[in-house]
Visitor: 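After the structure tokens below, expect a handful of questions from me.
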Amino acid sequence: MATEVLQAHKLTKRYFREGRGQARYFDAVSDVSLHLQAGGFTAITGRSGCGKTTLLTMLAGLLEPDEGEVVLDDKSLYTLSDAELSRLRNTHIGMVPQIAAAIKNLNVFQNVVLPAGMYNAHDEQAAHERAHQLLERLEIAELESAWPELLSGGELRRMAIARSLVCSPALILADEPTADLDSQSTKLVLELLKEQAGQGCAVAVVSHDAEVNAYADVILEMDAGRLT
Ligand SMILES: Nc1ncnc2c1ncn2[C@@H]1O[C@H](COP(=O)(O)OP(=O)(O)OP(=O)(O)O)[C@@H](O)[C@H]1O
Ligand SMILES: [Mg+2]
């Protein structure tokens with residue numbers, strides 16, 4: 001039987017929107033339950049604004065839901081202290097944010113290995129070797145010493161993907177990981193993510209890119225905050 005890495009129970013996130021004279025609350029994510037299994041590749045699709053990033057951010061332990069819970073490694077994320085939650089995130093989750101970000105005064109390699117230096121929970125030497133391999137695989141090895149400010153959008157995206165994988169997390173949550181990539185780089189990234197699933201990782205990818213669906217074992221469609 002496949003092992004469940006993460007379970008989400010009835011997640012709801014409510015936001016306040018100031019419209020033309022009609023400010024109101026609305027559910028960006030409404031009553032969403034799902035589970036992500038070890039070795040599984042799940043695609044989450046849906047129109048712009050339907051709640052995909054909000055959902056993924058809650059799954060990653062970065063945004064507390066108004067209702068429901070997220071369970072990872074038998075722990076309910078939002079009952080943990082900040083310190084416990086950030087440790088669990090750092091040791092178990094690789095997140096590729098929709099807007100790829102970098103620490104400006106660290107070069108590409110230093111940005112990629114950054115998670116491995118935290119909490120002393122990872123073998124730093126192994127992470128450094130893995131970082132070199134990942135940058136090679138993602139065809140940005142020649143940028144290891146470059147400053148992130150100088151990277152193109154697609155290079156920065158691939159750097160963020162390498163960083164998310166450097167600690168070999170049990171769970172990978174990737175938000176539009178192929179957004180700025182050409183079709184060849186898209187294939188590189190999706191094959192790399194599929195390979196992580198093949199090695200037992202639970203992978204969830206949010207995307208508009210229909211190509212992602214071809215790699216997925218499960219496709220979850222969202223519409224107006226709900227899974228359809
Ligand atoms: N902090 C916030 N306050 C108010 N509304 C928000 C906030 N964050 C997001 N929203 C709204 O919630 C809805 C869902 O946003 P979300 O970013 O989850 O969508 P998405 O499916 O990821 O869209 P896209 O495909 O464009 O990235 C959108 O209508 C957005 O405008
Ligand atoms: Mg989004």
Side-chain angles (χ1 to χ4, degrees), residues 6-36 40-72 77-78 82 85-86 89 93-102 152-165 169 171-183 185-186 189-190 192-193 202-216 218-228:
L6 175 140
Q7 296 109 26
H9 301 290
K10 295 178 165 295
L11 294 180
T12 293
K13 185 70 194 178
R14 208 158 286 134
Y15 286 136
F16 186 70
R17 175 175 287 162
E18 302 198 49
R20 269 171 281 171
Q22 44 171 342
R24 62 177 183 96
Y25 285 95
F26 75 102
D27 289 349
V29 170
S30 181
D31 201 29
V32 168
S33 298
L34 56 82
H35 50 86
L36 301 176
F41 190 120
T42 302
I44 303 173
T45 65
R47 295 194 56 197
S48 178
C50 72
K52 304 180 298 297
T53 294
T54 305
L55 173 61
L56 210 69
T57 313
M58 290 193 285
L59 299 183
L62 293 165
L63 178 70
E64 187 166 1
D66 291 300
E67 288 166 34
E69 71 168 348
V70 180
V71 178
L72 173 69
L77 294 190
Y78 298 97
D82 283 354
L85 179 57
S86 61
R89 275 208 319 264
I93 306 178
M95 170 86 174
V96 183
Q98 183 165 13
I99 298 169
S152 74
E155 289 164 348
L156 197 61
R157 175 81 52 194
R158 283 177 283 158
M159 187 203 81
I161 292 164
R163 183 174 48 207
S164 76
L165 302 182
L171 172 66
I172 296 168
L173 300 170
D175 197 348
E176 305 281 0
T178 62
D180 333 84
L181 302 181
D182 59 87
S183 63
S185 307
T186 295
V189 166
L190 294 177
L192 182 60
L193 292 174
V203 179
V205 177
V206 161
S207 187
H208 295 115
D209 194 341
E211 211 171 320
V212 172
N213 294 352
Y215 289 79
V218 179
I219 300 172
L220 301 176
E221 178 90 29
M222 281 188 85
D223 183 27
R226 290 179 178 273
L227 285 186
T228 59

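Start at 1 with the first residue, then count along the sequence. Order of appearance sets the numbers: ligands from 1, and atoms from 1 within every ligand.
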Visitor: Looking only at N/O atoms, are Phe26 and ligand 1 under 3.5 Å apart anywhere?
Guide: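 Such a contact does not occur with ligand 1.
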
Visitor: Counting non-hydrogen protein atoms only, what is the nearest one to atom 14 (C) of ligand 1? Give residue, atom name and distance.
Guide: Gly49 O, 3.4 Å

Visitor: Flag the pair Pro177 / Val205 as yes when at least one side-chain heavy-atom distance between them is below 4.5 Å, and no otherwise.
Guide: yes

Visitor: Determine whether Met95 and Arg89 satisfy the following criterion, side chain to side chain contact (heavy atoms under 4.5 Å, CB included), listing intermediate values before the conclusion.
Guide: CA-CA 9 Å; Met95 170 86 174; Arg89 275 208 319 264; over 6 Å; no

Visitor: What residue and atom, counting heavy atoms only, is the protein's closest point to atom 17 (O) of ligand 1, and at what distance?
Guide: Thr53 CB, 3.6 Å

Visitor: Which atoms from ligand 1 have a heavy atom of Ala28 less than 4.0 Å away?
Guide: 12 (O)

Visitor: Going by distance alone, is a donor N or O of one side chain under 3.5 Å from an acceptor N or O of the other, for Asp27 and Thr12?
Guide: no

Visitor: Any idea which protein heavy atom is nearest atom 29 (O) of ligand 1, and the distance to it?
Guide: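 Heavy-atom neighbour on the protein nearest atom 29 (O) of ligand 1: Arg17 NH2, 2.7 Å.
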
Visitor: Judged by atom type as modelled, is there a donor-acceptor pair below 3.5 Å linking the side chain of Asp223 to the main-chain atoms of Thr228?
Guide: no

Visitor: Do Thr178 and Asp209 have side-chain atoms, one donor and one acceptor, less than 3.5 Å apart?
Guide: yes

Visitor: Return the CG to CD1 distance between Leu85 and Ile93, rounded to the nearest 0.5 Å.
Guide: 7.5 Å

Visitor: Which protein heavy atom lies closest to atom 8 (N) of ligand 1, and at what distance to 0.1 Å?
Guide: Tyr15 CE1, 3.3 Å

Visitor: Number the atoms of ligand 1 from 1 as they appear, then name those within less than 4.0 Å of a heavy atom of His208, with their elements.
Guide: 25 (O)

Visitor: Please say whether Phe16 places an N or O atom under 3.5 Å from an N or O atom belonging to ligand 1.
Guide: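 No - when backbone and side-chain N and O of Phe16 are compared with those of ligand 1, no distance drops under 3.5 Å.
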
Visitor: Give the residue, atom name and distance (to 0.1 Å) of the protein heavy atom nearest atom 26 (O) of ligand 1.
Guide: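 So the nearest neighbour among protein heavy atoms is Ser48 OG, 2.6 Å.
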
Visitor: Looking only at distances, please establish whether an N/O atom of ligand 1 is found under 3.5 Å from an N/O atom of Cys50.
Guide: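 It does: an N or O of Cys50 is found under 3.5 Å from an N or O of ligand 1.
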
Visitor: I want to know if ligand 1 touches Thr54 in the polar sense, i.e. an N/O pair below 3.5 angstrom.
Guide: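 It does: an N or O of Thr54 is found under 3.5 Å from an N or O of ligand 1.
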
Visitor: Please report the interatomic distance NE2(His9) to NE2(His35), rounded to the nearest 0.5 Å.
Guide: 9.5 Å

Visitor: Starting at NZ of Lys13, measure out to CD of Glu64 and round the result to the nearest 0.5 Å.
Guide: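 Spacing of NZ (Lys13) from CD (Glu64) equals 7.0 Å.
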
Visitor: Would you give the length of the straight line joining atom CD of Glu221 to atom CZ of Arg226, rounded to the nearest 0.5 angstrom?
Guide: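 Between Glu221 CD and Arg226 CZ, I get 15.0 Å after rounding to 0.5 Å.
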
Visitor: Roughly how far, to the nearest 0.5 Å, is CG of Asp180 from CZ of Arg158?
Guide: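 Going from CZ on Arg158 over to CG on Asp180, the span is 9.5 Å.
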
Visitor: Considering only the protein, which heavy-atom contact is closest to atom 25 (O) of ligand 1, and what is its distance?
Guide: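 Minimum-distance protein heavy atom for atom 25 (O) of ligand 1 reads Lys52 NZ, 2.7 Å.
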
Visitor: Angle at the Mg ion (ligand 2) between OE1 of Gln98 and OG1 of Thr53, to 10°?
Guide: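 With the Mg ion (ligand 2) as the vertex, the angle is close to 80°.
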
Visitor: Just which atoms of ligand 1 are under 4.0 Å from any heavy atom in Gly51?
Guide: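 Once the distances to Gly51 are compared, the set is 14 (C), 18 (O), 19 (O), 20 (P), 21 (O).
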
Visitor: Could you list the atoms of ligand 1 found under 4.0 angstrom from a heavy atom of Gln98?
Guide: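 By the 4.0 Å cutoff, the relevant atoms are 27 (O).
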
